[in-house]
Each structure stands twice: as structure tokens, then as C-alpha cells.
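Notes follow once the structure below has been shown.
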Amino acid sequence: MKQSTSSALGAMLKTLTNSPARLVLLMRLADLAAIAGALYCASALLLRLGPAPALPLHTLAALACGALALALFPRLGMYGPTAQRTLRSIAVQVAMAWCGIVLAVALACALAAAPLAGRWLLGWTLAGWAALTAARLALRWALPLARRHGLNTVRVVIVGDAASAVELYRRAQGEDKCEYHIQAVCTLPAEPHAPLPPGAERLPSASALPGYARCCAIDEIWIALPIGQAAQVRALQHLLRNTLVELRWVLDLQGLQLLRFNMEQFLGAPVLTLNCPDTSELSKLGKYLFDKLFALAAMLLLSPLLAGIWVAVKLSSPGPALFLQPRTGLNGQVFKVYKFRTMHWQGEAEGAALRQASKSDARVTRLGAFLRRTSLDELPQFLNVLRGEMSIVGPRPHAVQHTDLYSDLLPVYMIRHRAKPGITGWAQINGCRGETETAEKMSKRVQFDVEYIRNWSLWMDVRIVVWTALRGWTGNDVY
């Protein structure tokens with residue numbers, strides 16, 4: 001009886017842990033339990049309520065925080081890999097995500113004239129942070145232990161060419177939610193001497209797959225064939241119709257620059273959108289409000305600095321303090337960007353020629369060099385944000401001449417214009433600032449821009465703004 005109960009428990013645990021999706025669900029439930037436990041402790045110790053969970057207002061606030069955590073934690077990267085991360089990085093990530101949610105709910109209560117008890121709020125925040133961090137550390141400790149006991153391991157057979165099998169094996173090694181064990185590879189077409197993943201058997205042909213899957217208790221079969229071989233995939237599906245394991249068709253999309261990876265239904269058929277950002281209408285509204293409110297606040301707070309720079313530019317050399325320059329914006333639309341003048345005035349818009357400012361450029365004034373080095377010349381672009389032509393965060397807008405040049409040189413260059421250009425961006429805080437005198441430099445900048453559009457979230461914008469304010473507004477390559 002005891003052995004049968006143990007076997008049933010083991011089977012249940014294996015069912016729960018041998019799927020990354022189910023494991024993430026367990027992590028989300030553990031987070032809710034951690035939040036509820038922190039609520040009970042904070043209420044019992046700080047509100048002196050004994051067994052009662054909390055006052056009605058505090059209970060509602062806790063429910064709101066739990067709902068926000070359930071909705072936002074996945075988008076904030078809270079369920080990403082943890083095996084290679086330090087304790088400090090995990091604790092900081094949890095603190096930023098959790099404190100941001102609690103602060104939002106506390107502000108909402110304050111605006112509704114129902115402020116939360118300060119001592120309770122602080123205690124619950126700290127307790128919640130400690131519980132959420134402890135849950136992640138416990139998971140990082142438990143997963144290797146589960147693998148040693150045969151849990152949290154998925155046995156896989158790969159069908160396809162050997163190179164794809166090796167690449168899938170490499171990627172699977174970075175997945176800490178579930179250990180994928182590549183048991184065997186069936187190479188199509190036959191590659192008898194091609195290297196395979198470590199420890200993998202070589203199956204002679206596809207006809208051996210059903211029997212091998214049954215005798216070796218295979219959990220999943222990955223079909224790594226290009227989309228042009230759909231007929232072969234259908235044949236494999238028919239061959240494996242009585243093999244009750246999960247079949248996954250891993251499409252080879254390495255040659256495509258995608259802004260989103262999810263399949264969706266369109267006109268009753270599955271489609272993969274290639275260059276449309278994966279942004280909901282609610283997220284677009286959040287970014288719109290963030291841009292407008294931030295730009296308005298910046299213009300008001302920085303008005304003395306803006307006025308001072310205006311006067312300094314006027315006194316430093318003849319010409320207007322501001323100039324307008326055509327730039328390429330959202331969906332390739334041309335708009336005029338505002339900047340403080342940093343060069344000696346030569347008639348029309350500064351920088352109208354393709355030539356970029358370089359080191360010791362004689363066109364740049366002494367004040368202009370300082371403004372460029374500190375990015376203060378970009379401050380008038382808050383006006384472009386208020387006009388709806390730019391965003392606070394996004395790919396930097398390039399001159400029209402540069403767009404014409406690099407759109408032919410770099411195949412993915414125009415993808416960066418699928419988002420509204422920004423005053424600062426992911427590329428800038430990663431060191432891609434200043435002159436782009438080579439195609440390699442521009443290519444690196446574009447890759448960061450595409451990565452930003454693909455992974456965008458409002459939280460990512462906030463992090464970029466904070467990083468820019470701390471250290472992202474200067475650079476050694478800005479002339």
C-alpha cells in the first residue's frame with residue numbers, strides 16, 4: 001500500500017514537473033501563496049488582528065496586488081531561467097517588480113482617499129519580497145534534486161538534419177525549468193557520419209521511430225524540418241499516429257528577423273506575423289500616457305535649463321538656437337526633429353548633408369561639443385514627443401539620407417521603423433551612440449533596436465529611462 005501510494009505520488013510529481021508550462025503555473029501559484037502568507041504575517045504582527053487576515057481595505061489592496069502580480073510577473077521576466085543567475089540579481093529583480101506593484105496599489109488607495117497603514121504597508125512589502133525571493137531560491141534548489149530522482153526530465157527524439165539536432169541540444173541546455181534529454185536522433189536525409197548531440201543514439205530510418213518511442217518511454221518527438229518539407233512532416237505524423245507522445249514541429253526560422261514568434265488564427269488558418277510588433281491595445285495606451293506625462297513633466301521641470309541653453313547657444317555663435325532636421329519616423333514617415341544647434345550656422349538645417357559629426361569636427365562649436373557629449377542638445381525632442389512624432393524610448397531617428405543608404409546595405413534596417421522613434425533607446429544604453437562610420441556599427445545598432453521592439457514592455461521603458469538618467473546620456477564616441 002505504501003509503495004503504491006509512493007508510486008502514485010511520484011507519477012503525479014512527474015506529470016507536474018515534466019512540462020515547463022505546468023512548472024510556470026506551479027511557480028505562479030507559489031507566488032500567490034507567498035503573497036498571501038506575507039499578508040497574514042504582516043496583518044497579525046503589525047495590525048494586531050490575531051487570526052483575522054487584515055482590515056477590509058488592506059485585504060482589497062492585497063487582492064489587487066495579487067491580481068497584478070499574476071498578470072504582470074510573466075511580462076516582467078519573473079519566470080525566466082534562474083540556474084545561472086546570482087542571488088543578488090534574483091533578489092533585485094523581485095524587489096523591483098514587487099515594490100512597483102505595491103507602490104501602484106498604494107498610490108491608487110491614496111488617490112481614492114483611503115490610504116493604507118504605513119507600518120503595515122512597509123512590513124507587508126518586505127515580507128512579500130522575502131517570500132517571493134525564497135520561493136525562487138527553493139525552486140532553484142529543488143529542480144536539480146528532482147532530476148536526480150528521475151523527475152523534471154523529458155526524453156526526446158529529434159527528427160531532422162544533424163546540425164539542427166545539435167543546435168536544439170545547445171538551446172535545451174539553457175532551459176532550467178525542465179531538463180531535456182536528447183535520447184536519439186533520426187537524421188533526414190540520412191547522414192551516417194554527421195556529429196550528434198552527446199549521448200544520443202542514431203536511428204537508421206523514420207520507420208524505427210514508433211517502436212523506439214514505445215520501448216524507451218520517449219516523452220516528446222521534435223521534428224526539425226524546414227517549412228518547405230511539409231509533405232514529409234505529414235508523412236511522419238501519419239507514421240506516428242498511434243504513438244502517444246507529444247509531437248513538436250520546430251520550424252527553422254533562423255534566416256528570418258521576426259518581431260513576434262506566436263502563432264495566431266487568421267481567417268481560420270494559423271499564421272505567423274513577420275514584422276508586426278506584439279503589442280496589445282492596452283499596452284499601447286500605457287505607452288501613450290507614459291510618453292505624454294513624462295514629456296510634459298520634463299518640459300516643466302527642465303524649463304530653466306532649456307532657457308539657459310537657448311540663451312547660451314544664441315550668444316555662442318550667430319544663428320538660431322533651435323533647428324529642425326528631417327528624420328525617418330514610424331512606418332517610414334518623415335518628420336522634423338527639434339535640436340539645439342551645435343554647429344556653426346551655414347544656412348538651412350544643420351546636418352542636412354549626409355556627413356556626420358566626427359572627432360575634432362571644425363563645424364562643431366565649443367558649446368556644441370559639450371551639448372553633444374552630454375546629449376543636452378536632444379532635450380527639445382520632448383516637443384516631438386508631445387506632438388506625437390516620437391516616444392520617450394525607442395529606436396533613435398536617423399537622418400533621411402542615412403535611411404536611404406542603410407536600407408539597401410542592411411536587410412533588416414527598415415524593421416526598426418515599425419516602432420515610434422525615441423529620445424533614448426535600448427541601443428543607446430548598450431553603448432551604440434555617436435558616429436556610425438561603418439556598416440558594422442549601424443548593423444549592431446539595428447540589432448539592438450529590433451531586440452527592443454521584439455521584447456518591448458512598459459517596464460522595459462522605465463528601466464531604460466532610469467539607466468539613461470544614471471549613466472546613459474554621455475559617451476566617448478559622441479562628437
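The analysis underlying the following values was restricted to heavy atoms, covering all of them including side chains, and did not include hydrogens, waters or symmetry mates.
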For the [atom1] atom of [X] and the [atom2] atom of [Y], what is their distance to the nearest 0.5 Å?
X      : Y      : atom1 : atom2 : answer
Ile429 : Ile464 : CD1   : CD1   : 5.0 Å
Arg234 : Leu236 : CZ    : CG    : 11.5 Å
Leu409 : His402 : CG    : NE2   : 11.0 Å
Leu289 : Lys284 : CG    : NZ    : 14.5 Å
Thr468 : Asp461 : OG1   : CG    : 10.0 Å
Ile309 : Lys314 : CD1   : NZ    : 15.5 Å

Could you tell me which non-hydrogen atom of [X] sits nearest to which non-hydrogen atom of [Y], and how far apart they are?
X      : Y      : answer
Ile35  : Ala69  : CD1-CB, 3.9 Å
Gly286 : Leu458 : O-CD1, 4.1 Å
Ala165 : Pro197 : O-CG, 3.7 Å
Pro395 : Lys420 : CD-O, 3.8 Å
Arg327 : Pro397 : NH1-O, 2.7 Å
Leu196 : Ala162 : CD2-CB, 4.1 Å

Exercise. Heavy-atom count around Glu451 CD within 6.0 Å, excluding the residue itself: above 12?
Worked result: yes

Exercise. Just wondering, more than 12 heavy atoms not from Trp129 lying within 6.0 Å of its CH2?
Worked result: no

Return a table of donor-acceptor pairs under 3.5 angstrom between the side chains of residues 328-337 and protein atoms on other chains or two or more places apart.
unit_1 : atom_1 : unit_2 : atom_2 : d
Thr328 : OG1    : Thr403 : OG1    : 2.8
Asn331 : OD1    : Arg418 : NH1    : 2.8

[X] vs [Y] side-chain heavy atoms within contact, under 4.5 Å:
X      : Y      : result
Thr187 : Val185 : yes
Arg136 : Val94  : yes
Asp219 : Val156 : no
Val400 : Gln325 : no
Leu68  : Cys65  : no
Leu137 : Leu87  : yes
Val385 : Ser391 : no
Glu440 : Arg445 : no

For this session: Apply side chain to side chain contact (heavy atoms under 4.5 Å, CB included) to Phe73 and Leu132, showing your working.
Result: CA-CA 11 Å; Phe73 273 6; Leu132 290 169; 4.1 Å; yes

Under 3.5 Å donor-acceptor, [X] side chain and [Y] backbone:
X      : Y      : result
Lys444 : Ala427 : no
Lys292 : Leu386 : yes
Ser316 : Val313 : yes
Arg341 : Met343 : yes
Ser303 : Leu300 : yes
Trp249 : Leu225 : yes
Lys287 : Ile392 : no
Ser375 : Glu378 : no
Thr365 : Gly368 : yes
Arg372 : Asp377 : no

Exercise. Stepwise, does the side chain to side chain contact (heavy atoms under 4.5 Å, CB included) test hold for His398 with His417?
Worked result: CA-CA 10 Å; His398 292 166; His417 299 105; 5.6 Å; no

For this session: For Arg463, enumerate each residue passing the side chain to side chain donor-acceptor pair (under 3.5 Å) test, keeping only those at least two apart in sequence or located in another chain.
Result: none

For this session: Just jot down the side chain to side chain donor-acceptor pair (under 3.5 Å) partners of Trp222, sequence neighbours excluded, or say none.
Result: Glu220

For this session: Look at Arg170 together with Glu167 and state whether they make a salt bridge at an N to O cut-off of under 4.0 Å.
Result: yes

Exercise. Going through the distances and angles, do Val462 and Phe290 end up as a side chain to side chain contact (heavy atoms under 4.5 Å, CB included)?
Worked result: CA-CA 9 Å; Val462 172; Phe290 175 77; 4.3 Å; yes

For this session: Return the orientation label for the Phe382 and Phe294 ring planes: parallel under 30°, perpendicular over 60°, tilted otherwise.
Result: tilted

For this session: Give a yes/no verdict on a cation-pi contact between Arg416 and Tyr413, requiring under 6.0 Å between NZ or CZ and the six-membered ring centre and an angle within 45° of the axis.
Result: yes

Problem set entry | Worked verdict on Trp426 versus Asn455 for side chain to side chain donor-acceptor pair (under 3.5 Å) | CA-CA 11 Å; Trp426 185 240; Asn455 300 304; over 6 Å; no

Exercise. Going through the distances and angles, do Met414 and Tyr406 end up as a side chain to side chain contact (heavy atoms under 4.5 Å, CB included)?
Worked result: CA-CA 9 Å; Met414 292 304 292; Tyr406 288 110; over 6 Å; no

Problem set entry | Ring-ring centroid check Trp98 Trp124, cutoff 6.0 Å | yes

